[in-house]
Amino acid sequence: MTDRLTLATWNINSVRLRMPIVEKFLEEIAPDVLCLQETKCPDANFPFNAFRKAGYEHIEINGQKGYHGVATVSRRPLANVEKRGFCDMGDSRHLAADIAFNGSPLRLHNFYVPAGGDEPDREINPKFGHKLDFFAEMKNWLQGTETDKAAVLVGDLNVAPYEHDVWSHKALLKVVSHTPLECELFEDVRTTGKWIDAMRRFTPLDDKLYTWWSYRAKDWSAADKGRRLDHVWVSQALDGHIKGTRVLRDARGWEKPSDHAPVIAVFEA
DNA sequence: ATGGCGTATGGAATACGA
């Protein structure tokens, strides 16, 4: 008996406004589970029925009014749901659940890390301080994760850590999301938890790899000034079971798009 | 040309994203 699990993560920038393209995505890609960030939707207003109609009957949400918010929707049951508040901000930025893979529970973390504002200096920009504190708390909390257990951590982590995760390493050195301080902290969180950067397993470090393109470009695809802000981290126990990852760049060009494209990962037992 | 736009709230103008 071999199992195959397809997982997707997508910063949707308002789930209610984006339901037409979410439905298109679920129909075309048909992942087993989809992790959404920036749902911007109070829990009472979440579009449950549209997901159920699309075959995603297992729905866990951690939403709030106006900002942030994450949701995990699945064709397989979700168990042991946990919603952790980071930095005592009252923000909805995390949701974890167990999903069955190859007959055992796989722990799936869905994160929306703070963007961090404009100035990369915590003395003058509290949002940047919040982002740094969030990663520090994430690192400590994830220490409790047993690295020999099957686990996946996905989401909009709001850092493009490597040189070719941005369109211009030089131009972005002082831009929040690619400052050396953030990149080092990001790598510290990842390596401390012994997580594997699944996307870079399949795309060499010398190749450009983006998941986000600004709304402000006249022609986002021609300009191609992207960043890799969305990530798929995999525990050591799943090493050897990651069959591939890809960015659905096409979705950035769909009708009324999110500024992020979905990332898809396939696992096989 | 890293903001030239887009979203939520609320019902205009502001906060926020990255």
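By convention in this document, chain letters (A, B, ...) are assigned in the order of the sequence lines, proteins followed by strands, and residues within each chain are numbered from 1.
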What is the distance from [atom1] of [X] to [atom2] of [N], rounded to the nearest Å?
{"X": "Gln37(A)", "N": "dT7(B)", "atom1": "CD", "atom2": "P", "result": "17 Å"}
{"X": "Arg18(A)", "N": "dG6(B)", "atom1": "CZ", "atom2": "P", "result": "10 Å"}
{"X": "Asn45(A)", "N": "dT9(B)", "atom1": "CG", "atom2": "C1'", "result": "13 Å"}
{"X": "Gln64(A)", "N": "dT9(B)", "atom1": "CD", "atom2": "P", "result": "11 Å"}

Hits for salt bridge (Lys or Arg N to Asp or Glu O under 4.0 Å) against Glu255(A), two or more places apart or cross-chain, chain-then-number order -> none
Quote, to the nearest angstrom, the [atom1] distance that separates [N] from [M].
{"N": "dT14(B)", "M": "dA18(B)", "atom1": "P", "answer": "22 Å"}
{"N": "dG6(B)", "M": "dG11(B)", "atom1": "P", "answer": "24 Å"}
{"N": "dC16(B)", "M": "dG10(B)", "atom1": "P", "answer": "14 Å"}
{"N": "dA13(B)", "M": "dG3(B)", "atom1": "P", "answer": "25 Å"}

[Y]/[X] salt bridge by N-O under 4.0 Å criterion:
{"X": "Glu187(A)", "Y": "Arg190(A)", "result": "yes"}
{"X": "Arg84(A)", "Y": "Glu137(A)", "result": "yes"}
{"X": "Asp239(A)", "Y": "Arg201(A)", "result": "yes"}

What N/O pairs connect the protein and nucleotides 14-18 of chain B at under 3.5 Å? Give each pair on its own line.
from, atom 1, to, atom 2, distance (Å)
dG17(B), OP2, Lys127(A), NZ, 3.3
dG17(B), O6, Arg216(A), NH2, 3.2
dA18(B), OP1, Glu38(A), OE1, 3.1
dA18(B), OP1, Asp156(A), OD2, 3.3
dA18(B), OP2, Tyr112(A), OH, 3.0
dA18(B), OP2, Asn158(A), ND2, 2.9
dA18(B), O5', Asn158(A), OD1, 3.4
dA18(B), O3', Arg227(A), NH1, 2.8

Below 4.0 angstrom from OP1 or OP2 of dG6(B), is there any side-chain N or O of Ser14(A)? no
Sugar-phosphate, base or nothing in reach of Trp220(A), heavy atoms under 4.0 Å: nothing
Under 4.0 angstrom, heavy atoms only, what part of the nucleic acid is Leu17(A) near: base, sugar-phosphate, or nothing? sugar-phosphate
Does any non-hydrogen side-chain atom of Met138(A) lie less than 4.5 Å from one of Phe135(A)? yes
Pick one: which of Asp230(A), Asp156(A), Asp259(A), Thr9(A) meets side chain to side chain donor-acceptor pair (under 3.5 Å) with Thr211(A)? Asp230(A)
Side-chain polar contacts of residues 96-107 of chain A - donor-acceptor pairs under 3.5 angstrom, sequence neighbours left out - could you list them?
from, atom 1, to, atom 2, distance (Å)
Asp98(A), OD1, Arg107(A), NH1, 3.0
Asp98(A), OD2, Asn80(A), ND2, 2.8
Arg107(A), NH1, Asn80(A), O, 2.9
Arg107(A), NH2, Asn80(A), O, 3.0
Arg107(A), NH2, Glu82(A), OE1, 3.1

